[in-house]
Amino acid sequence: MKLTIHTTVLPHVDPDASLAFYRDVLGFEVRSDVGQGTMRWITVGPPGQPDVSLLLAPPAADPGITEDERRTITEMMAKGTYGWIMLATEDLDEVFEQVQAGDTEVVQEPTEQPYGVRDCAFRDPAGNLVRIQQLR
């Protein structure tokens, strides 16, 4: 069996701010943008990787989610503990400077981790953790 990663999902609370972060700060391509207001589903992805996408979606839009679950999701997003993604780059320092210049909340500057990777971390406009690893 051969599987590939096609799309992963992160929630947004402000689609315009999330779009600006992933498009303008990280340099992702916009692949689709459907819906209106806060009920927008925006698909972005890294240039040169058309088969890999990130879907920025309204949280708790599923009608099967209870009000208690919606409240929990909202609370976790506000604390930055609901969604996260790990990205990779060949030049971590350059990416860190670019993202930091975008007035983004820095969680961790580039650091050699005891488990053998060098990475940094930011929060996107919805509070999602974005970790970026140095490729070796």
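If you read the sequence from its start, that first residue is 1, and numbering goes on from there. Just so it is clear, the values below take in all heavy atoms, side chains as well, and ignore hydrogens, waters and symmetry mates.
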Quiz item: Counting N and O atoms only, with roles assigned by atom type, does the side chain of T4 sit under 3.5 Å from a partner on the main chain of H6, one being a donor and the other an acceptor?
Solution: no

Which side-chain N or O atoms in residues 105-112 pair as donor and acceptor under 3.5 Å with protein atoms at least two apart or in another chain?
{"from": "Q108", "atom 1": "OE1", "to": "Q113", "atom 2": "NE2", "distance (Å)": "3.3"}
{"from": "Q108", "atom 1": "OE1", "to": "R131", "atom 2": "NH2", "distance (Å)": "2.8"}
{"from": "Q108", "atom 1": "NE2", "to": "T111", "atom 2": "OG1", "distance (Å)": "3.3"}
{"from": "Q108", "atom 1": "NE2", "to": "D119", "atom 2": "O", "distance (Å)": "3.2"}
{"from": "Q108", "atom 1": "NE2", "to": "D119", "atom 2": "OD1", "distance (Å)": "3.1"}
{"from": "T111", "atom 1": "OG1", "to": "E109", "atom 2": "O", "distance (Å)": "2.7"}
{"from": "E112", "atom 1": "OE1", "to": "R136", "atom 2": "NH2", "distance (Å)": "2.9"}
{"from": "E112", "atom 1": "OE2", "to": "R136", "atom 2": "NH2", "distance (Å)": "3.3"}

Self-check item: Among P11, S18, P125, P15, side chain to side chain contact (heavy atoms under 4.5 Å, CB included) partner for L56
Solution: S18

Practice problem: Examine F21 and I85 and state if one hydrophobic cluster contains both, with Ile, Leu, Val, Met, Phe, Trp and Tyr joined whenever side-chain heavy atoms are less than 4.5 Å apart. | Solution: yes

Practice problem: Please report the shortest heavy-atom distance between L10 and W84, naming the atom on each side. | Solution: CD2-N, 3.6 Å

Self-check item: Counterpart residues, side chain to side chain contact (heavy atoms under 4.5 Å, CB included), relative to A61 (two or more places apart)
Solution: M39, W41, P58

Quiz item: Nearest heavy-atom pair of T38 and H12: which atoms, and what distance?
Solution: O-CE1, 3.2 Å

Exercise. Find the distance between CD (Q100) and CG (D93) and round it off to the nearest 0.5 Å.
Key: 11.0 Å

Quiz item: Does a sphere of radius 6.0 Å around CG in D24 hold more than 12 heavy atoms from other residues, nucleotides or ligands, not counting ones at 6.0 Å or beyond?
Solution: yes

Quiz item: Checking side-chain hydrogen bond (donor to acceptor under 3.5 Å, both in side chains) for the pair T72/E69: CA distance, chi angles, key distance, verdict?
Solution: CA-CA 5 Å; T72 299; E69 291 167 330; over 6 Å; no

Exercise. Output the distance between atom CE (M76) and atom OG1 (T81), rounded to the nearest 0.5 Å.
Key: 4.0 Å

Quiz item: Taking it one step at a time, do D124 and L129 satisfy side chain to side chain contact (heavy atoms under 4.5 Å, CB included)?
Solution: CA-CA 7 Å; D124 77 2; L129 184 67; over 6 Å; no

Exercise. Would you kindly confirm whether Y82 and I65 end up in one hydrophobic cluster when ILVMFWY residues are joined by side chain heavy atoms under 4.5 Å apart?
Key: yes

Quiz item: Is it true that R23 and D16 make a salt bridge, defined as a side-chain N closer than 4.0 Å to a carboxylate O?
Solution: no

Practice problem: Please assess Q133 against R118 for the test side chain to side chain contact (heavy atoms under 4.5 Å, CB included), listing each intermediate value before the final yes or no. | Solution: CA-CA 6 Å; Q133 247 182 40; R118 182 168 183 260; over 6 Å; no

Practice problem: List for me each residue that meets ring-ring contact (aromatic ring centres under 6.0 Å, His included) alongside F122, sequence neighbours excluded, and say none if there are none. | Solution: F96

Self-check item: Set of residues satisfying salt bridge (Lys or Arg N to Asp or Glu O under 4.0 Å) with respect to E67, sequence neighbours excluded
Solution: R70

Exercise. List in chain and number order the residues that pass salt bridge (Lys or Arg N to Asp or Glu O under 4.0 Å) with E29, two or more places apart in sequence or in another chain; answer none if no residue qualifies.
Key: R31

Exercise. Show which residues join V117 in its hydrophobic cluster (side-chain heavy-atom contacts under 4.5 Å, direct or indirect), or state none.
Key: Y115

Quiz item: Hey, does Y22 have a side-chain heavy atom less than 4.5 Å from the side chain of V130?
Solution: yes

Quiz item: In the single-linkage hydrophobic clustering (I, L, V, M, F, W, Y; side-chain heavy atoms under 4.5 Å), do V95 and M86 co-cluster?
Solution: no

Self-check item: Heavy-atom side-chain contact between T74 and R71 under 4.5 Å
Solution: no

Quiz item: Would you say L87 and I5 are hydrophobically clustered, going by side-chain heavy atoms of ILVMFWY under 4.5 Å?
Solution: no

Quiz item: How close do I73 and P59 get, heavy atom to heavy atom, and via which atoms?
Solution: CG2-CB, 3.9 Å

Practice problem: Among D33, L54, L55, find the one that has a side chain to side chain contact (heavy atoms under 4.5 Å, CB included) with T43. | Solution: L55

Quiz prompt | Sub-4.5 Å side-chain heavy-atom contact between V13 and M77 | solution = yes

Quiz item: Under 6.0 Å from the CZ atom of F28, do we count more than 12 heavy atoms belonging to anything else shown?
Solution: yes

Quiz item: Which heavy atom in I132 sits nearest to a heavy atom in L92, and how many Å separate them?
Solution: O-CD1, 3.3 Å

Quiz item: Ignoring hydrogens and geometry, is there a side-chain-to-backbone donor-acceptor pair from T89 to Q134 under 3.5 Å?
Solution: no

